[in-house]
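Have a look at the structure below, then the notes.
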Amino acid sequence: MSGNLVHSINPANGEVIESFSPFTAAAIETALETATERFRSWRNVPLAERAELLNRAADVLEAKAAEYARDITMEMGKPIKEANAEVLKCATVCRHYAEHGPAYMQDEVASTEAHRAFVRHLPIGPVLAVMPWNFPLWQAFRFAAPALMAGNVGLLKHASNVWRSALNIEDVFRRAGFPEGCFQTLLIGASAVEGVIRDDRVKAVTLTGSGPAGRSVAAIAGDCLKPSLLELGGSDAFIVMPSADLEKAVKTAVMTRIRNSGQSCIAGKRFFVHADIYDDFTSRFVAAFDALKVDDPMKPDTEVGPLATLAIRDELAGQVERSLKGGAESLTKPRILPGNGAWIAPQILADAHSGTPSTDEEMFGPVANLWKTTSLDDAIARANHSIYGLGSVLFSKDEAEIDQAIRELEAGSTFVNSMVASDPRLPFGGIKQSGYGRELAADGLRAFMNRKTVSVA
Ligand code: NAP
């Protein structure tokens, strides 16, 4: 921010792309009033009509994917091919709720002494979504599509470095033909969030972001007795056992750790590899990291771009330094980076000692932490050492090991022989300090609905 303006800065070269004026108090008031007014009619729009509009939103996303993807890459630096894939994934979540939303909201009939008894799903009103920059469109759409299908209306407070993308999201719904006020972007900073949550017209809040932001939002929502949903950080474990398909395990390990230049909550961040295959896995893993193409994110073949801001780069560089001082060994070769932006070299840190960032913190960038493990019991114990519990991965063909990992890994998901990925058909969320509540699938739609009990004597 400078003066009253908020800047979008290209992290690849530090240049200001665009500047925005944050909403005044009067503009926030108008948006809240518009949302409230719109909810009164939107809640009664037939489901088929809501579904049709969501399908049209998907059409808009597909038609304008190249433009929205370019804005994403310019604002936060992810490789352009990933930005394109992100926009298209947003179309899939719109189509998913258009198709399955009505079934997710069907009455649930119960058998009682009454003439009729059932649960009906009803919308609750305007919901505030506080969103992060790392998947600027996807994070917002995975909230927006089910919210709109449910008959709620959305208010988006997006991260302050991606306001062009924030406005693009509003643009999608406008172009699709949603009535004005169904989905509004509020250009506000973090300090304005409290006032919006406390406003009586706002009925619930969802946040995807860091622990400190989650704590603050949850505390305010709790004080107002409003529902909240939190998707926070993660330091997912990725365990590889001797029976694994090693080639696939290495390929997946690289992919999960460098996706979005390493800035994904559900990336594998801590790798525990069994002693029997450790040397083989490690030499392939290191060779693959050394071969990564770190370059201008606008180039179609770039695999790792800059981090989203200089502050994020500096924080990660500090974590790496502390882990190295605390006993970790860097296995990857030093490399020359592309320029003055928020660049950092992809790297693998081995054998970091406990009490260092590698074991205790989330590292948000292309840095893999690797340890040799002697058994699945040992790997699971170390995996569960984390304060986080978002996703987890096991590579193994042994059914007993798979069962044990599913039972014992403390995480919101366990993926076996593949990387953790969000999918509109599956619920998504964490436990421990990774948050609470579930997005996507039926859970995501019902997260902000009144499951009203009805009994007709
Ligand atoms: P962040 O600082 O928490 O920012 C996320 C959003 O919260 C932004 O819109 C930010 O606004 C706002 N915010 C920050 N402090 C706030 C406060 N005290 N009160 C209200 N709003 C506040 O998160 P980040 O570091 O940019 O994002 C990366 C984090 O998100 C990582 O920890 C990552 O793992 C997590 N994440 C989790 C998931 C998941 O699904 N579990 C998905 C993606 C990312 P400003 O930009 O204006 O500060």
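Computed from a prediction, not measured in an experiment: that's the story for all the values here. For ligands, and for the atoms within them, numbers begin at 1 and follow the listed sequence. Starting from 1, each residue takes its place in the sequence as its number.
- Applying the 4.0 Å criterion to heavy atoms of Leu390 picks out, from ligand 1, the atoms 41 (N).
- If you check the side chains of His96 and Arg425, you find no donor sitting under 3.5 Å from an acceptor.
- Against a heavy-atom cut-off of under 4.0 Å, Ser160 is close to the following atoms of ligand 1: 45 (P), 46 (O), 47 (O).
- Looking at Glu439 against ligand 1, nothing comes within 4.0 Å, counting heavy atoms.
- Relative orientation of the Phe183 and Phe173 rings is tilted, given thresholds of 30° and 60° on the angle between their planes.
- Proximity of Glu194 to ligand 1, defined as any heavy-atom pair under 4.0 Å, is not found for any part of the residue.
- Heavy atoms of Val130 found under 4.0 angstrom from ligand 1 belong exclusively to the side chain.
- In this pair, Phe395 and Phe238 present their aromatic rings parallel. The plane angle is below 30°, not in the 30 to 60° band.
- The Ser216 neighbourhood of ligand 1 comprises atoms 18 (N), 19 (N), with distances under 4.0 Å to a heavy atom of that residue.
- The side chain to side chain donor-acceptor pair (under 3.5 Å) test with Ser8 is passed by exactly one of Glu75, Glu15, Glu18: Glu75.
- The shortest N or O to N or O distance between Glu362 and ligand 1 is below 3.5 Å.
- For ligand 1, the atoms closer than 4.0 angstrom to any heavy atom of Val193 are 20 (C), 21 (N).
- Each of the atoms 9 (O) of ligand 1 lies under 4.0 Å from some heavy atom of His158.
- In summary, the atoms of ligand 1 found under 4.0 Å from a heavy atom of Trp133, numbered by their order in the structure, are 24 (P), 26 (O), 27 (O).
- Contacts with ligand 1 closer than 4.0 Å are made by backbone heavy atoms (N, CA, C, O) of Leu232 only, the side chain lying farther away.
- Those atoms of ligand 1 with a heavy atom of Phe428 less than 4.0 angstrom away are 40 (O).
- Taking the six-membered ring where the residue is Trp, the centroids of Phe271 and Phe285 are separated by under 6.0 Å.
- Classification of the Trp163-Phe20 ring pair by plane angle, with boundaries at 30° and 60°, yields perpendicular.
- Taking the six-membered ring where tryptophan is involved, the planes of Tyr97 and Tyr104 are perpendicular, since the angle between them exceeds 60° and thus also 30°.
- The residue from Ala213, Gly211, Ala166 that puts a heavy atom closest to atom 15 (N) of ligand 1 is Ala213.
- Proximity of Val217 to ligand 1, defined as any heavy-atom pair under 4.0 Å, is confined to the side chain (atoms from C-beta onward).
- The part of Arg142 lying near ligand 1 is the side chain, judged by heavy-atom distances below 4.0 Å.
- Contacts between Ile266 and ligand 1, counted as non-hydrogen atom pairs separated by less than 4.0 Å, are absent for every part of the residue.
- With distances taken over non-hydrogen atoms, the option nearest atom 23 (O) of ligand 1 out of Ala219, Pro212, Ser210 is Ser210.
- Residues in residues 430-447 take part in these salt bridge (Lys or Arg N to Asp or Glu O under 4.0 Å) pairs, two or more places apart or across chains: Glu108-Arg446, Arg142-Glu439, Glu410-Lys432.
- Numbered from 1 in the order shown, with element, the atoms of ligand 1 that lie under 4.0 Å from a heavy atom of Lys157 read 9 (O), 11 (O), 45 (P), 47 (O).
- No donor-acceptor pair closer than 3.5 Å links the side chain of Trp42 to the backbone N or O of Gly181.
- No side-chain donor from either of Thr332 and Asp290 sits under 3.5 Å from a side-chain acceptor of the other.
- Legend: side-chain hydrogen bond (donor to acceptor under 3.5 Å, both in side chains) pairs involving residues 299-316, not counting sequence neighbours, sorted by first then second residue: Asp295-Lys299.
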